[in-house]
Chemist: 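I am attaching a structure below and will ask some questions about it afterwards.
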Amino acid sequence: MALIVGKGRGSFRDFRSAYPFPVTLYFPEALVREALPMRDALTAVEAVFRELGEGTAQNRPRQRVRVPGRMLHTMSASSSALGYLGLKTYLTGRDGMRFVLLLFDQTAGSLAAVMEADALGQIRTGAATGVAADYLARGGAASAGIVGCGYQAETQVEALAAVRPLRRVEAYCRDPERRARFAEKMSARLGVDVVPAPSGEAAVRDKPIVVAVTSAAEPVVRGAWLAPGTFVAAAGGNSLGRRELDPAAVRHADRVVVDDREQARIECGDLAPLVASGELRWEELETIGDVVAAGKGHARSGSALFESQGIAAEDIAVAALVYQRAQAEAAPFPGGEE
């Protein structure tokens, strides 16, 4: 039996007392977003990265099946510390994307929650970059450049502003009206000076923090634009056919960090050419789990690259947070129906 969270104050508590057997909660998109502020997402994602590094969480890479005009993507993970297992699956096609996450309770062996997962994925992707920046970017970095002005770019900037004292962000995408709207929106939301840049080079050049979050098939960030000690997050590519960085931008990094080696091997178009040439080896790449488990005291100075394909462990971590908040509050989240 399923209960839609947000259908009446006290509904979670009342329903659980009336029906002692496990109840599956359904979380619509708006409630997931309401229940998942970025600072909480950062904490949850950092914790699951630490678990991955210590070996108490597991992650399985994305798999895809196709029919003409559509593709189904599925990815799964577990966290012993949280006590949950789950999978996220989503359907893509020319008419858009539809995301859903299933969260299973390890102890009860039950389906705890079904969540619409578009906002969830957007927030956890930003949080992953934020955690990586917190461990790998210069401590006092006050400016950043971002290439990409889509909905994923919003949480990238939000997460960076939460972990570094950003005062200025320069943003570029090909559509001048879109980048102007993005800059205005994010400036108002964050209280940071977000400005549109006239080119990708202008946005990126000499910034201590650089983010690419696009679906580009050809590089949008070049190594020649990067200053020494730059932290770069490539967060848009999850296919070998996508490339956000040129080889010089990859070579610029003293450290190359991936979210999951196995997933990077089948999805990371930025790194695959350098592996093919023998310049990199998949098994020698650091993972963000290794970095977080080692602690900030072990962080080395220098340039760093975080290749973020987006992994299911991040999804499970933030989904567990949303579900546990519903249990603790035993009432709809703000914005739910009265």
Chemist: Would you say R189 has more than 12 foreign heavy atoms packed within less than 6.0 Å of its CZ?
Modeler: yes
Chemist: Taking the side chain as C-beta and beyond, is there a heavy-atom pair between D193 and R167 under 4.5 Å?
Modeler: no
Chemist: State which residue, out of V169, D175, V157, fulfils the side chain to side chain contact (heavy atoms under 4.5 Å, CB included) condition with F182.
Modeler: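 The side chain to side chain contact (heavy atoms under 4.5 Å, CB included) with F182 is passed solely by V157 among V169, D175, V157.
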Chemist: Do W282 and V256 sit in the same hydrophobic cluster, where Ile, Leu, Val, Met, Phe, Trp and Tyr count as joined when their side-chain heavy atoms come under 4.5 Å apart?
Modeler: yes
Chemist: Within a reach of under 6.0 Å around CZ of R64, are more than 12 heavy atoms found that belong to other residues, nucleotides or ligands?
Modeler: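 Correct, the count exceeds 12.
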Chemist: Just say parallel, tilted or perpendicular for the rings of Y84 and Y323, cut-offs at 30° and 60°.
Modeler: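 Because their plane-to-plane angle is over 60°, the rings of Y84 and Y323 count as perpendicular.
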Chemist: Taking 4.0 angstrom as the limit, do K88 and D315 come out as a salt bridge?
Modeler: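 The answer is yes: the pair qualifies as a salt bridge.
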Chemist: Just by modelled atom types, is the D134 backbone N or O under 3.5 Å from a matching donor or acceptor in the R164 side chain?
Modeler: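 Confirmed, R164 side chain pairs with D134 backbone.
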Chemist: Which pair of heavy atoms, one from Y135 and one from V291, lies closest together, and at what distance?
Modeler: CB-CG1, 3.9 Å
Chemist: Judged by atom type as modelled, is there a donor-acceptor pair below 3.5 Å linking the side chain of T230 to the main-chain atoms of A304?
Modeler: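 No; zero donor-acceptor contacts below 3.5 Å.
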Chemist: List the steps, then state whether side chain to side chain donor-acceptor pair (under 3.5 Å) holds for D290 with T287.
Modeler: CA-CA 5 Å; D290 298 332; T287 70; 3.0 Å; yes
Chemist: Between E170 and V204, is there a donor-acceptor pair closer than 3.5 Å when you use the side chain of the first and the backbone of the second?
Modeler: no
Chemist: Restricting to non-hydrogen atoms, name the atom on G223 and the atom on D246 that form the minimum distance, rounded to 0.1 Å.
Modeler: N-OD1, 3.0 Å
Chemist: Are L91 and F99 close enough, and set up right, to give a side-chain contact (heavy atoms from CB on, under 4.5 Å), and what steps lead you there?
Modeler: CA-CA 7 Å; L91 185 70; F99 297 80; over 6 Å; no
Chemist: Could you check V322 against F27 for side-chain contact (heavy atoms from CB on, under 4.5 Å), going step by step and ending with a plain yes or no?
Modeler: CA-CA 9 Å; V322 171; F27 292 80; 3.7 Å; yes
Chemist: Using a distance-only test with no angle check, is there a side-chain donor-acceptor pair under 3.5 angstrom linking E279 and S277?
Modeler: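 Short answer, yes.
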Chemist: Treating Ile, Leu, Val, Met, Phe, Trp and Tyr as nodes and any side-chain heavy-atom pair under 4.5 angstrom as an edge, say whether V232 and F306 lie in one connected cluster.
Modeler: no
Chemist: Return the minimal non-hydrogen interatomic distance between V192 and R168, and the atom names on each side.
Modeler: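 Minimum heavy-atom contact is CG1-N, 3.9 Å.
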Chemist: Is the CD atom of Q58 crowded by more than 12 outside heavy atoms at less than 6.0 Å?
Modeler: no
Chemist: Under the 3.5 angstrom rule, does the side chain of S187 hit a backbone N or O of V194 as a donor-acceptor pair?
Modeler: yes
Chemist: Kindly indicate whether the side chain of R261, heavy atoms from C-beta on, has any atom under 4.5 Å from the side chain of V258.
Modeler: yes
Chemist: When you look at R33 and E29, which way does the salt bridge (charged side-chain N to carboxylate O under 4.0 Å, His left out) test go after all the steps?
Modeler: CA-CA 6 Å; R33 187 178 294 277; E29 195 74 59; 5.4 Å; no
Chemist: For E283, look at atom CD and say whether over 12 heavy atoms of other residues, nucleotides or ligands are found less than 6.0 Å away.
Modeler: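 More than 12 within 6.0 Å, yes.
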Chemist: Is it the case that one hydrophobic cluster holds both L101 and L321, taking links as side-chain heavy atoms less than 4.5 Å apart, direct or via other members?
Modeler: yes
Chemist: How many angstroms lie between atom CG of L245 and atom CD of E307, to the nearest 0.5 angstrom?
Modeler: 5.5 Å
Chemist: Do T89 and H73 get their side chains close enough for a donor-acceptor pair, meaning under 3.5 Å?
Modeler: no
Chemist: Can you measure from OG1 (T43) to CE (M38) and round to the nearest 0.5 angstrom?
Modeler: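 So the gap between those two atoms works out to 11.0 Å.
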Chemist: With a 4.5 Å heavy-atom cut-off, do L226 and R205 have their side chains touching?
Modeler: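 Result no, sub-4.5 Å side-chain heavy-atom pair not found.
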Chemist: Do V211 and V45 belong together in a cluster built from hydrophobic side chains that touch within less than 4.5 Å?
Modeler: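 Yes, it is one cluster - the side chains of V211 and V45 are joined through contacts under 4.5 Å.
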Chemist: Run the numbers on V163 and L42 for side-chain contact (heavy atoms from CB on, under 4.5 Å), then give the verdict.
Modeler: CA-CA 9 Å; V163 301; L42 284 162; 4.1 Å; yes
Chemist: Which distance, rounded to the nearest 0.5 Å, do you find between the CG of L285 and the CG of D260?
Modeler: 11.0 Å
Chemist: So do the side chains of M115 and L120 get within less than 4.5 Å of each other, counting heavy atoms only?
Modeler: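 Yes, their side chains come closer than 4.5 Å.
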Chemist: Can you tell me how far apart OG (S303) and NE2 (H252) are? Round to the nearest 0.5 Å.
Modeler: 4.0 Å
Chemist: Has N59 got a side-chain atom pairing as donor or acceptor with A312's backbone, closer than 3.5 angstrom?
Modeler: yes
Chemist: For E116 and Y26, run side chain to side chain donor-acceptor pair (under 3.5 Å): C-alpha distance rounded to whole Å, both residues' side-chain angles, the deciding distance at 0.1 Å, then the answer.
Modeler: CA-CA 8 Å; E116 296 180 3; Y26 182 84; 2.5 Å; yes
Chemist: Do I266 and V250 share a hydrophobic cluster, counting only Ile, Leu, Val, Met, Phe, Trp and Tyr and linking them when any side-chain heavy atoms are less than 4.5 Å apart?
Modeler: no
Chemist: Are T155 and Q122 close enough, and set up right, to give a side chain to side chain donor-acceptor pair (under 3.5 Å), and what steps lead you there?
Modeler: CA-CA 7 Å; T155 54; Q122 179 193 15; 4.5 Å; no
Chemist: Closest approach of A235 and E244, non-hydrogen atoms and distance?
Modeler: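 Residues A235 and E244, closest heavy atoms: N-OE1, 3.5 Å.
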Chemist: Between S110 and A112 (side chain of the first, backbone of the second, donor and acceptor by atom type, cut-off under 3.5 Å), is there such a pair?
Modeler: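 Such a contact is absent between S110 side chain and A112 backbone.
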Chemist: Decide yes or no on side-chain contact (heavy atoms from CB on, under 4.5 Å) for T74 and Y90, but give the supporting numbers first.
Modeler: CA-CA 7 Å; T74 303; Y90 56 103; over 6 Å; no
Chemist: Say whether, by atom type as modelled, one donor and one acceptor occur between the side chain of R39 and the main chain of A162 under 3.5 angstrom.
Modeler: yes
Chemist: Hey, could you give me the CG/CG distance between L160 and L166, rounded to the nearest 0.5 Å?
Modeler: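 The distance works out to 6.0 Å.
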Chemist: Might you point out which heavy atoms bring K207 and S143 nearest each other, and give the distance in Å?
Modeler: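 Closest pair (atom of K207, atom of S143, distance): CD-OG, 4.1 Å.
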Chemist: Does a side-chain N-to-carboxylate-O contact under 4.0 Å join D95 and R98?
Modeler: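 Looking at D95 and R98, the cut-off is met.
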Chemist: Please answer whether the main-chain N or O of L36 pairs with a side-chain N or O of R325 as donor and acceptor at a distance below 3.5 Å.
Modeler: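 Not a single qualifying donor-acceptor pair exists.
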Chemist: Of R62, R242, Q309, which is the lone residue that meets side chain to side chain donor-acceptor pair (under 3.5 Å) with E267?
Modeler: R62
Chemist: Donor-acceptor pair, distance only, cut-off 3.5 Å: does the side chain of T56 make one with the backbone of L52?
Modeler: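 Such a contact is absent between T56 side chain and L52 backbone.
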Chemist: Of the non-hydrogen atoms in F49 and A128, which two are nearest, and what is the gap between them?
Modeler: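 Closest pair (atom of F49, atom of A128, distance): CZ-CB, 3.9 Å.
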Chemist: Tell me if the CD atom of E218 is crowded by more than 12 foreign heavy atoms within 6.0 Å.
Modeler: no
Chemist: Using modelled atom types and a 3.5 Å cut-off, is there a donor and acceptor pairing between side-chain atoms of R179 and backbone atoms of V195?
Modeler: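 No, R179 side chain to V195 backbone: no donor-acceptor pair under 3.5 Å.
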